[in-house]
Amino acid sequence: MKYIFALVDCNNFYVSCERIFEPSLEGRPVVVLSNNDGCVVSRSNEAKRLGIGMGVAFFKVKDFDAKHGLVALSSNYTLYADMSRRVMETLCNFTPEIEVYSIDEAFLNLSGLGDNLTDYGRRIRQTVKQWTGMPVSVGIAETKTLAKIANRIAKRSPEAAGVFELTEQARIDEALAQTGVENIWGVGIKTCIKLKREGIKTALALRGVDAEWMRRRFGVTGVRTVYELRGISCYELEDQPPAKKGITVSRMFGRKVETVEELKEAIASYASRAGEKLRDEGLAAGAMTVFVMTSRFVDPRKRYFNSRGVNFPTATNYTPELIDYAAGAIERLYKKGFLYAKAGLILGDLVPEGKVQGNLFDAADRQKSRRLMRAVDAVNIKLPDSRLIWAAEGIGQSWRTKFAKRSKRYTTQWDELLEVV
DNA sequence: TCTGGGGTCCTAGGACCC
DNA sequence: TCTGGGGTCCTAGGACCC
């Protein structure tokens with residue numbers, strides 16, 4: 001039996017989340033900004049039509065509000081995560097096999113659901129809209145790469161009205177002929193330039209290249225893309241999320257940071273957040289890499305990047321311990337005279353909490369630490385606005401990332417519920 | 001003045017071993 | 001003058017994704 005994938009993708013996800021709770025944003029150009037209100041990460045169709053590109057620095061389009069009525073909002077991750085969960089739960093009603101691919105996309109297995117897949121796609125789209133308010137597009141095909149292309153057409157073609165099926169050969173050929181290589185899943189900027197230099201400009205042309213030549217020039221990932229375009233599936237549906245390999249917490253500062261004390265406060269708060277993530281996943285980390293960096297946009301002589309790895313004697317998820325290691329690394333990394341823009345840490349060698357190998361010389365009372373962490377986590381989940389923080393994180397925290405234009409957390413905070421007046 | 005964060009997979013090359 | 005070869009493991013960096 002042939003596999004059938006549906007790719008369900010939320011339209012302009014962050015912007016749509018905002019619009020669901022603020023309908024006056026409907027029909028206007030709206031963008032959502034990254035951390036620190038730095039650059040544009042989600043755009044309404046109206047904003048796209050104004051020529052605002054994905055990832056552009058916000059200061060470059062700031063004056064669009066006066067000229068074109070552009071509305072810019074800070075990211076509201078709490079709201080987006082909750083809306084994502086609602087959409088994914090709705091999708092689970094349509095198939096037992098679903099792979100949540102990202103915050104706003106999921107692959108569904110539609111094999112064995114009959115011949116009228118387009119109709120089925122329409123039902124999915126309509127139900128998600130009705131139950132959550134979220135507009136989605138559905139692309140249907142025999143490989144993930146083709147489903148991505150189908151989804152792109154579903155979004156753009158008015159006739160498709162949000163659902164497009166690519167299972168018929170003539171239709172596939174036509175779609176591939178109209179898809180530039182830059183719009184193929186897995187083809188990034190570097191590969192795109194190389195392909196075009198070879199005269200390969202469309203997905204149809206790429207489908208026809210010699211597989212061995214492709215392997216030599218672009219490695220196994222390149223060949224997989226060619227096969228996927230031919231309808232030979234190389235990427236399975238992964239309905240079991242694979243074990244995490246690392247946990248990263250890093251942020252740009254709200255302003256430049258010069259002192260080692262402030263760097264240590266920041267890294268302590270990132271370490272604390274990393275500890276929460278570990279415990280939430282039931283994991284412990286065996287190693288940590290800490291890094292600091294200046295802005296990429298300053299004079300090269302004023303740039304500094306450095307990182308430092310630490311292997312723990314015993315894997316841990318105990319926040320005070322993580323903070324100690326992180327602060328120690330910062331002391332060694334810090335060089336006076338630089339304006340630091342960002343710091344972060346990456347936890348590696350992750351192991352299930354219950355399987356931590358004890359260390360003969362490790363005297364810490366693990367049971368007690370675990371109870372303490374459980375208590376702290378419980379308080380912070382219940383009272384996110386009066387969180388317990390570690391003294392090392394500092395009180396003022398003037399280096400904190402800025403979110404000047406954030407909307408309310410409508411769905412997760414009682415005091416921020418939508419008010420209808 | 002102002003330019004995000006969190007991931008995965010693959011590959012080349014060095015270290016090390018016999 | 002003469003200086004092996006092949007396998008495995010690890011890591012850093014590249015490329016890509018949303």
Side-chain angles (χ1 to χ4, degrees), chain A residues 7-14 31-43 52-63 72-77 80-81 84 99-107 144-145 148 151-152 181-195 215-225 234-235 238 241-256 270 273-274 277 281 287 289 291 293-298 303 305-309 311 339 341-350 400-406:
Chain A
L7 174 64
V8 181
D9 188 324
C10 301
N11 301 345
N12 315 328
F13 180 61
Y14 292 177
V31 294
V32 173
L33 306 173
S34 64
N35 279 356
N36 260 337
D37 299 338
C39 50
V40 172
V41 291
S42 180
R43 305 158 294 155
I52 299 174
M54 180 66 176
V56 302
F58 177 51
F59 72 84
K60 291 181 180 167
V61 295
K62 227 170 195 168
D63 54 332
L73 298 161
S74 303
S75 290
N76 185 341
Y77 298 116
Y80 309 153
S84 174
E99 172 186 345
V100 177
Y101 178 67
S102 73
I103 193 164
D104 70 333
E105 289 175 57
F107 287 104
K144 285 182 168 179
T145 305
K148 276 270 182 184
N151 190 285
R152 188 164 178 276
V181 286
E182 65 278 8
N183 295 314
I184 302 169
W185 188 50
V187 176
I189 182 72
K190 301 278 179 180
T191 307
C192 179
I193 291 168
K194 276 160 83 179
L195 285 173
R215 199 200 55 75
R216 281 198 310 273
R217 291 293 308 274
F218 299 94
V220 295
T221 42
V223 194
R224 281 183 196 144
T225 299
C234 300
Y235 301 107
E238 291 170 24
K244 266 203 169 49
K245 303 218 163 73
I247 286 176
T248 306
V249 179
S250 72
R251 302 265 183 287
M252 300 279 296
F253 302 127
R255 59 164 171 80
K256 298 293 179 281
Y270 304 164
R273 176 69 193 124
K277 287 189 182 186
E281 305 255 350
T289 302
F291 66 89
M293 62 193 286
T294 53
S295 168
R296 313 200 300 285
F297 302 97
V298 296
R303 275 181 225 167
F305 171 88
N306 205 354
S307 69
R308 190 171 178 90
N311 289 311
L339 295 173
K342 181 177 180 175
L345 57 88
I346 302 154
L347 297 173
D349 292 355
L350 305 184
R400 275 240 173 255
T401 312
K402 304 272 187 285
F403 295 90
K405 310 156 189 294
R406 181 146 65 195

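Just so we're on the same page: letters track the sequence lines, and every chain starts at 1. None of these values were measured; they are calculated from a predicted model.
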Rounding to a whole Å, what distance do you find between [X]:[atom1] and [N]:[atom2]?
{"X": "A/Y80", "N": "B/dG4", "atom1": "OH", "atom2": "P", "result": "17 Å"}
{"X": "A/F403", "N": "B/dG4", "atom1": "CZ", "atom2": "C1'", "result": "9 Å"}
{"X": "A/I103", "N": "C/dC17", "atom1": "CD1", "atom2": "P", "result": "19 Å"}
{"X": "A/F58", "N": "B/dG4", "atom1": "CZ", "atom2": "P", "result": "14 Å"}
{"X": "A/I189", "N": "C/dC16", "atom1": "CD1", "atom2": "P", "result": "8 Å"}
{"X": "A/M54", "N": "C/dC18", "atom1": "CE", "atom2": "P", "result": "9 Å"}
{"X": "A/K190", "N": "C/dC16", "atom1": "NZ", "atom2": "P", "result": "8 Å"}
{"X": "A/K148", "N": "C/dC17", "atom1": "NZ", "atom2": "P", "result": "9 Å"}

Problem - Parallel, tilted or perpendicular: rings of A/Y270 and A/F253 (30°, 60°) - result: parallel
Handout entry: Passing candidate, side chain to side chain donor-acceptor pair (under 3.5 Å) with A/S74, options A/D37, A/N35, A/T401
Key = A/D37
Exercise for the section: State whether the side chain of A/N151 and the backbone N or O of A/L7 hold a donor-acceptor pair below 3.5 Å, judged by distance alone. Expected result: yes
Problem - A/R303 (side chain) donor-acceptor with A/V298 (main chain) under 3.5 angstrom - result: yes
Exercise for the section: Evaluate the criterion side chain to side chain contact (heavy atoms under 4.5 Å, CB included) for residue pair A/E99 and A/Y235; output intermediate values, then yes/no. Expected result: CA-CA 12 Å; A/E99 172 186 345; A/Y235 301 107; over 6 Å; no
Practice task
Output yes when A/E238 and A/K144 qualify as a salt bridge under the 4.0 Å nitrogen-oxygen rule, no when they do not.
Solution key: no
Practice task
Take nucleotides 5-15 of chain B nucleotide by nucleotide from the 5' end and write B, S or -, depending on whether a protein heavy atom sits under 4.0 Å from the base, only from the sugar-phosphate, or from neither.
Solution key: SSSSSSS----
Practice task
Determine, answering yes or no, if A/W185 is stacked on C/dC17 under the 5.5 Å centre rule and the 30° plane rule.
Solution key: no
Handout entry: Which nucleotide in C/dC18, C/dC16, B/dG4 has an atom nearest any side-chain atom of A/S34
Key = B/dG4
May I ask you to say what [X] touches in the nucleic acid, namely base, sugar-phosphate or nothing, with a heavy-atom cut-off under 4.0 Å?
{"X": "A/K194", "answer": "nothing"}
{"X": "A/I184", "answer": "sugar-phosphate"}
{"X": "A/Y101", "answer": "sugar-phosphate"}
{"X": "A/D37", "answer": "nothing"}

Practice task
Output, in order, the C-alpha distance, side-chain angles, deciding distance and verdict of side chain to side chain contact (heavy atoms under 4.5 Å, CB included) for A/L33 and A/V41.
Solution key: CA-CA 5 Å; A/L33 306 173; A/V41 291; 5.9 Å; no
Handout entry: Heavy-atom check, side chain of A/L195 versus side chain of A/F218, under 4.5 Å
Key = yes
Practice task
Could you walk me through whether A/K148 and A/R152 pass the side chain to side chain contact (heavy atoms under 4.5 Å, CB included) test, one step at a time?
Solution key: CA-CA 6 Å; A/K148 276 270 182 184; A/R152 188 164 178 276; over 6 Å; no
Handout entry: Dot-bracket notation for DNA chain C, counting Watson-Crick and G-U pairs under 3.5 Å, with | for partners on another strand
Key = ....||||||||||||||
Extract all donor-acceptor atom pairs below 3.5 Å that involve side chains of residues 185-194 of chain A and protein atoms in other chains or at least two apart in sequence.
unit_1, atom_1, unit_2, atom_2, d
A/W185, NE1, A/Y101, OH, 3.4

Problem - Distance between C1' atoms of C/dC17 and B/dG4 (Å, rounded) - result: 15 Å
